[in-house]
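Data first, discussion second: the structure below is written as structure tokens.
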Amino acid sequence: MRNDVSVAPVEIEHLTKVFKIPMRRERVVAVKDLSVRVEPGEVYGLLGPNGSGKSTTLKILLGLVSPTRGQTKVFGEDSALVRSRKDVGFVPENPYFYKFLSGEETVRFFGKLSGMGGEELENRVKELLELVGLTEAADRRVGGYSKGMLQRIGLAQALVQDPGLLVLDEPTAGVDPVGSREIRDLILALKARGKTILLCSHLLSQVQEICDRVGILARGQLVREGRVEDLLSVRDRAEMVFDGASEEKLDALREAAEKLGVTVVSSGRPQTTLENLFLEAIEPGASPDAGSGRN
């Protein structure tokens, strides 16, 4: 199924979900006429503030909640059908695992639930623990894991059956900047392996770095959608970065721009991000674009 590039991993068509409030004659429209299509191999970010309908949309896509109207499909199958979730891995915002199990036992447990066993499962467990950077913590009980480690073991269990689609709900919620960077790098590594990823987040800087396309939800409706670079570009403006430009040369460039009828809106020195500044401070010598080490 996943090898058919003509079939979209995710199709959401005119989805509406209305919740009735018990004991009251009121209704809440969580999602309203939402249509989204996620293409094979892309990272799609569903953005929005709390209460915008992101999590409700994911729950409907995963067959956990029934829609009021509309339809959702996973690899061409109606997501209300159990078989549609065979090729899907899911990590909720607050994943829960048996605290008395170790990381290795946890991944093995989910592998058995997926029908795996024997040498195939053992090799898969070792591969995934290495992939998520938890080999050294494989024998530690999950109850002693940090929030970032829990998110990574959540990714490992979601990948155990090698799904074609990963659904991530706030994958870095409550995680410190170092752990957030590691999870982001892991998502990019999974994309490089050909995985399709649908994630929900309200952390815009993170989404900007890892998503190919985004959809912005507000009050249950899709208000903006497109490729990240297209949405972020400002019309009728261009930006140039000069190296070794003295103040005198910059003044000459401003004068030349004015003669051409171009308005210089702003000028200044390029800036890094607060996140990169923080990572460089705690990891001296680390490149802002380099993947961070495991803790």
Side-chain angles (χ1 to χ4, degrees), residues 1-13 15 31 34-46 54-67 70-93 95-97 106-132 151-171 183 186-201 210-215:
M1 184 185 300
R2 79 173 74 163
N3 294 325
D4 187 353
V5 295
S6 65
V7 177
V10 174
E11 290 179 279
I12 301 173
E13 301 173 345
L15 179 65
V31 183
L34 175 64
S35 293
V36 169
R37 179 184 173 97
V38 180
E39 301 296 338
E42 76 173 347
V43 181
Y44 187 99
L46 202 56
K54 304 188 304 295
S55 293
T56 298
T57 300
L58 290 193
K59 290 175 181 177
I60 295 174
L61 182 68
L62 295 168
L64 302 176
V65 174
S66 299
Q71 187 179 39
T72 58
K73 295 180 181 180
V74 177
F75 291 107
E77 294 273 8
D78 190 324
S79 61
L81 303 174
V82 175
R83 66 173 180 265
S84 70
R85 298 186 284 281
K86 184 179 180 180
D87 203 21
V88 179
F90 174 54
V91 182
E93 179 178 355
Y96 177 83
F97 303 107
T106 298
V107 180
R108 184 181 295 115
F109 171 72
F110 283 99
K112 290 181 177 180
L113 288 180
S114 300
M116 301 175 67
E119 185 177 357
E120 177 193 13
L121 177 57
E122 294 307 310
N123 291 337
R124 186 64 175 161
V125 170
K126 292 179 181 179
E127 177 189 352
L128 290 174
L129 288 173
E130 182 178 356
L131 176 66
V132 300
Q151 291 296 97
R152 283 190 270 153
I153 203 68
L155 281 167
Q157 65 82 24
L159 290 165
V160 72
Q161 83 277 28
D162 192 25
L165 171 66
L166 273 177
V167 179
L168 311 177
D169 191 1
E170 301 286 357
I183 293 172
L186 181 55
I187 292 173
L188 291 173
L190 294 171
K191 176 189 175 183
R193 293 187 174 200
K195 302 296 183 186
T196 302
I197 301 171
L198 170 63
L199 65 88
C200 285
S201 181
I210 64 177
C211 289
D212 300 303
R213 289 192 302 131
V214 298

Nearest non-hydrogen partners of [X] and [Y], listed with the distance:
{"X": "Gly89", "Y": "Pro163", "result": "N-CB, 3.6 Å"}
{"X": "Gly154", "Y": "Val91", "result": "O-CG2, 3.4 Å"}
{"X": "Ser84", "Y": "Val74", "result": "O-CG1, 3.5 Å"}
{"X": "Gly70", "Y": "Pro67", "result": "O-CG, 4.0 Å"}
{"X": "Leu61", "Y": "Ser79", "result": "O-CB, 2.9 Å"}
{"X": "Arg37", "Y": "Ala8", "result": "CZ-CB, 3.6 Å"}

Query raised in the report: Do Ile60 and Ser66 pass the side-chain contact (heavy atoms from CB on, under 4.5 Å) test, and can you show the C-alpha distance, the side-chain angles, and the key distance before you say yes or no?
Result: CA-CA 6 Å; Ile60 295 174; Ser66 299; over 6 Å; no
Is [Y] close to [X] at the side-chain level, that is, under 4.5 Å between some pair of heavy atoms?
{"X": "Leu128", "Y": "Arg124", "answer": "yes"}
{"X": "Glu11", "Y": "Thr72", "answer": "no"}
{"X": "Val38", "Y": "Glu42", "answer": "yes"}

Rounded to the nearest 0.5 Å, how far does [atom2] of [Y] lie from [atom1] of [X]?
{"X": "Ser35", "Y": "Glu13", "atom1": "OG", "atom2": "CD", "result": "7.0 Å"}
{"X": "Ile153", "Y": "Leu129", "atom1": "CD1", "atom2": "CG", "result": "5.5 Å"}
{"X": "Arg85", "Y": "Gln161", "atom1": "CZ", "atom2": "CD", "result": "12.5 Å"}
{"X": "Lys191", "Y": "Cys211", "atom1": "NZ", "atom2": "SG", "result": "8.5 Å"}
{"X": "Leu159", "Y": "Leu186", "atom1": "CG", "atom2": "CG", "result": "7.5 Å"}
{"X": "Met116", "Y": "Asn123", "atom1": "CE", "atom2": "CG", "result": "9.0 Å"}

Query - Under the salt bridge (charged side-chain N to carboxylate O under 4.0 Å, His left out) test, residues paired with Arg108 that sit two or more places apart - result: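 Listed in chain order: Glu104, Glu122.
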Query - side-chain contact (heavy atoms from CB on, under 4.5 Å) against Ser55, all qualifying residues, sequence neighbours excluded - result: Asp169
Whether the side chain of [X] engages the backbone of [Y] through a donor-acceptor N/O pair (distance < 3.5 Å, no angle test) should be reported.
{"X": "Gln151", "Y": "Pro171", "value": "yes"}
{"X": "Arg152", "Y": "Val132", "value": "yes"}
{"X": "Asp78", "Y": "Lys73", "value": "no"}

Requested in this report: Report the residue from Leu188, Leu168, Val167 that forms a side chain to side chain contact (heavy atoms under 4.5 Å, CB included) with Ile197.
Outcome: Leu168
Query - Residue among Thr196, Asp87, Val10 satisfying side chain to side chain contact (heavy atoms under 4.5 Å, CB included) with Phe75 - result: Asp87
**Report entry** Qualifying side-chain hydrogen bond (donor to acceptor under 3.5 Å, both in side chains) pairs with a residue from residues 111-121, counting only residues at least two apart or across chains
**Finding:**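 Residue pairs passing side-chain hydrogen bond (donor to acceptor under 3.5 Å, both in side chains), neighbours aside: none found.
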Query raised in the report: If you measure from the Lys or Arg side-chain nitrogens to the Asp or Glu carboxylate oxygens, is any gap between Arg193 and Asp162 under 4.0 Å?
Result: no
**Report entry** Chi angles and distances behind the side-chain contact (heavy atoms from CB on, under 4.5 Å) call for Val43, Leu198
**Finding:** CA-CA 6 Å; Val43 181; Leu198 170 63; over 6 Å; no
Query raised in the report: Where do Phe109 and Thr106 land on the side-chain contact (heavy atoms from CB on, under 4.5 Å) test, with the steps shown first?
Result: CA-CA 5 Å; Phe109 171 72; Thr106 298; 5.7 Å; no
Query - Step-by-step side-chain contact (heavy atoms from CB on, under 4.5 Å) determination, Leu62 to Phe90 - result: CA-CA 9 Å; Leu62 295 168; Phe90 174 54; 3.4 Å; yes
